[in-house]
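These notes concern the structure reproduced below.
We name chains A, B, ... by the order of the sequence lines, and we start the count at 1 in each one.
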Number of protein chains: 2
Amino acid sequence: MAQLNNVTPLFKDLAKVEHEHNIACRECSLYRLCLPLGLHSNDLAQLDKIIKRSQGFTRGEALFASDTPFKSIFVVRSGSFKTTVQASDGREQVTGFYFPGEFIGMDAIYEQAYKSTAKALESSSVCELPFEKLQEFGTTMPQLQVQMMSRLSKELSGDKTLMFLLGKKTAEEKLATFLLSLSRRFQDRGFSAREFQLTMSRGDIANHLGLAVETVSRLFTRFQDEGLISIQSKAISLLDSDKLKQLCG
Amino acid sequence: MAQLNNVTPLFKDLAKVEHEHNIACRECSLYRLCLPLGLHSNDLAQLDKIIKRSQGFTRGEALFASDTPFKSIFVVRSGSFKTTVQASDGREQVTGFYFPGEFIGMDAIYEQAYKSTAKALESSSVCELPFEKLQEFGTTMPQLQVQMMSRLSKELSGDKTLMFLLGKKTAEEKLATFLLSLSRRFQDRGFSAREFQLTMSRGDIANHLGLAVETVSRLFTRFQDEGLISIQSKAISLLDSDKLKQLCG
DNA sequence: ACGCATAATTGATCCAGGTCAATGCGCTGA
DNA sequence: TCAGCGCATTGACCTGGATCAATTATGCGT
């Protein structure tokens, strides 16, 4: 666990527990958020067997790189990740941030190759689901397939929302929306909706929202001046989420 | 067929043939692009039975509305559609355009409700796939499930690309990318990659790309002045797609 | 074929947010 | 403890594309 001491993981307790023991899905605290939902216990045991529990990634380490053959879908177990797509000229877009229980790599099924790069934002770990095995299981566990589709659909729906954000929202609306989205996701995971760590850099946030770093920085200070938030480097608390909600448009 | 005479459907021949006969998947000219790919012929016959072939929609008519219960996934049979998401304040974002063989409504699986509105851009028709039935079939036809996931994945991948476009590209790059994307899709469907109809309005294009109508209009005239395209109201031809490719960045 | 509504073009002006530049802060490692 | 470096903040200025305002096509209904 030494590597965990020099960072501030978002989900320290989870990381501690689940790094140390390769605990079964049934006992995983993410169960409620994850794939196995709705599976019977013998099916669950089957699933358990094919899941590879990874050793963990350190800040900046890649889970997979763009244009690499697709083999597995990953579920974040602890920590957090970002995914990016890049153009040949070097420009890149942060397409998403991923927290425990969330799936990474589903956009690679069609092309059979990852079309984005996934990097850890802090010390993190994942469960690896080899897609071929997953397919085999689909025959005997239709519920699993439905669950998978549901996951894909959820991300699709989220992406449409993001398209609206990128295409139609002002800088202020973008940042307010982003903060509340994080807040909601932390709450879903049993953490404070009010206070949390921004594990990604200002640059990552700006990039993701289609803004310049400077704009994000200015907005943070303005939100703070207006008493909406309190922010100190990576630690943020939402002081007036009602007003933030209004700002989302 | 009277309703088809006063419009210029993108896929007139398809519309003619497939409106009149409820032809089976096996004989459908979209087979290659559509769901049944990889199914055995007896499976195909099964699938055929659950597919409802709709009567057709006229320009502006809604296939489904936002916040309506989810029942079916739709495949465009002829014509074209757009999907939009809207905010409470009235702003809306065109999240996609859909052509024959493409799937609409997959982002509704998770929420079990359509989170976008789909409208016909011209006289169009769809195949309706009741999701419940599709699920039942999944048990006996795992291949179908895989195919569905593949479709979802493809759209996901496309959305990431669009996020890059919205977040990082200039107006010029956006429009060039859009035109080439249409071109490629028409080519995939056996139509000219060089000359086609823009069934959507300038407003729809602008909205989709996160631009103002005026900007799109100006770019069209500029592209025309520079000899890249030739455009006359809805009819466009790409005169220099190599240079357009360069403009995409 | 005519007239009205809607869509598209074109021009003039403006501003949100980007870019450039300088400074400040906080890790990290010796 | 402190130097060095990457990240973040702050200020000054600039610009791509939005907005506003006419004008001109297009197409639809009668």
Q. Atom CG of L219(A) and atom C1' of dT9(D): how far apart are they, to the nearest Å?
A. 13 Å
(Q) Test of understanding: with ring pair (Phe, Tyr, Trp, His ring centres under 6.0 Å), list the residues that count as partners of Y110(A), not counting sequence neighbours. (A) none
Q. Residues from residues 165-178 of chain B sitting under 4.0 Å of DNA chain C, heavy atoms only?
A. none
Q. Which whole-number value in Å describes the distance from I205(A) CD1 to dA8(D) P?
A. 8 Å
Q: Could you tell me whether a side-chain N or O of T117(B) sits under 3.5 Å from a main-chain N or O of S66(B), the two making a donor and an acceptor?
A: yes
Q. Quick one: do the K234(A) and T199(A) side chains pair a donor with an acceptor below 3.5 Å?
A. no
Q) Which of residues 225-237 of chain A sit near DNA chain C, with a heavy atom under 4.0 Å from it? A) none
Q: Round to a whole Å and report the spacing from CZ of R222(B) to P of dT10(C).
A: 13 Å
Q) Looking at T221(B), does any N or O in its side chain come under 4.0 Å of the phosphate oxygens OP1/OP2 on dT10(C)? A) yes
Q) In chain order, what residues pass the side chain to side chain contact (heavy atoms under 4.5 Å, CB included) check against A235(A), with sequence neighbours excluded? A) Q197(A)
Listed pairs under 3.5 Å, donor-acceptor, residues 98-108 of chain A side chains, sequence neighbours left out:
{"unit_1": "Y98(A)", "atom_1": "OH", "unit_2": "E155(A)", "atom_2": "OE2", "d": "2.9"}
{"unit_1": "E102(A)", "atom_1": "OE1", "unit_2": "F99(A)", "atom_2": "N", "d": "2.7"}
{"unit_1": "E102(A)", "atom_1": "OE1", "unit_2": "R185(A)", "atom_2": "NH2", "d": "2.9"}
{"unit_1": "E102(A)", "atom_1": "OE2", "unit_2": "R185(A)", "atom_2": "NE", "d": "3.1"}
{"unit_1": "E102(A)", "atom_1": "OE2", "unit_2": "R189(A)", "atom_2": "NH2", "d": "3.3"}

Q: Find the distance R218(A):CZ to dC13(D):P and express it as a whole number of Å.
A: 13 Å
Q. By salt bridge (Lys or Arg N to Asp or Glu O under 4.0 Å), which residues pair with D67(A), not counting sequence neighbours?
A. K115(A)
Which pairs would a plain distance check flag for residues 236-244 of chain B, meaning a side-chain donor or acceptor within less than 3.5 Å of a matching protein atom at least two apart in sequence or in another chain?
{"unit_1": "D240(B)", "atom_1": "OD1", "unit_2": "D242(B)", "atom_2": "N", "d": "3.4"}
{"unit_1": "D240(B)", "atom_1": "OD1", "unit_2": "K243(B)", "atom_2": "N", "d": "3.1"}

Q: Mind grabbing the angle between the end helix axes of the helix from dA1(C)-dT30(D) to dA30(C)-dT1(D)? Five pairs an end, 10° rounding.
A: 60°
Q | Nucleotide dA8(D), atom P - distance to CG of D204(A) in whole Å | A | 8 Å
Q) With under 30° as parallel and over 60° as perpendicular, where do the rings of F81(B) and F57(B) fit, or are they tilted in between? A) perpendicular
Between side-chain atoms of residues 215-228 of chain A and protein atoms elsewhere (two or more places apart, or another chain), which donor-acceptor pairs fall under 3.5 Å?
{"unit_1": "T221(A)", "atom_1": "OG1", "unit_2": "S217(A)", "atom_2": "O", "d": "3.3"}
{"unit_1": "T221(A)", "atom_1": "OG1", "unit_2": "R218(A)", "atom_2": "O", "d": "2.7"}
{"unit_1": "R222(A)", "atom_1": "NE", "unit_2": "E226(A)", "atom_2": "OE2", "d": "3.4"}
{"unit_1": "R222(A)", "atom_1": "NH2", "unit_2": "E172(A)", "atom_2": "OE2", "d": "2.0"}
{"unit_1": "Q224(A)", "atom_1": "OE1", "unit_2": "I231(A)", "atom_2": "N", "d": "2.8"}

Q: Could you please name the option among dC20(C), dT19(D), dT9(D) that lies closest to any side-chain atom of S217(A)?
A: dT9(D)
Q. Using a cut-off of 4.0 Å on non-hydrogen atoms, how would the nucleic acid contact of S201(B) be classed: base, sugar-phosphate, or nothing?
A. sugar-phosphate
Q. To the side chain of R202(A), which of dG11(D), dT19(D), dT9(D) is closest?
A. dT9(D)
Q: Go through the structure and list residues passing salt bridge (Lys or Arg N to Asp or Glu O under 4.0 Å) with K82(A), not counting sequence neighbours.
A: D204(A)
Q | Closest to side chain of T215(A), choosing from dT9(D), dG17(C), dC20(C) | A | dG17(C)
Q: Quickly work out the E214(B) CD to dT23(D) P distance and round it to whole Å.
A: 16 Å
Q) Of all residues at least two apart in sequence or in a different chain, which pass the side chain to side chain contact (heavy atoms under 4.5 Å, CB included) check with S192(A)? A) R194(A), E195(A)
Q) When the distance from CZ of R91(B) to P of dT19(D) is rounded to whole Å, what number comes out? A) 11 Å
**Q.** Residue pairs fulfilling side chain to side chain donor-acceptor pair (under 3.5 Å) with at least one residue in residues 87-97 of chain B, sequence neighbours excluded
**A.** K168(A)-Q93(B), E173(A)-R91(B), T83(B)-T95(B), D89(B)-R91(B)
Q. Rounded to whole angstroms, how far apart are CG on N207(B) and C1' on dA7(C)?
A. 15 Å
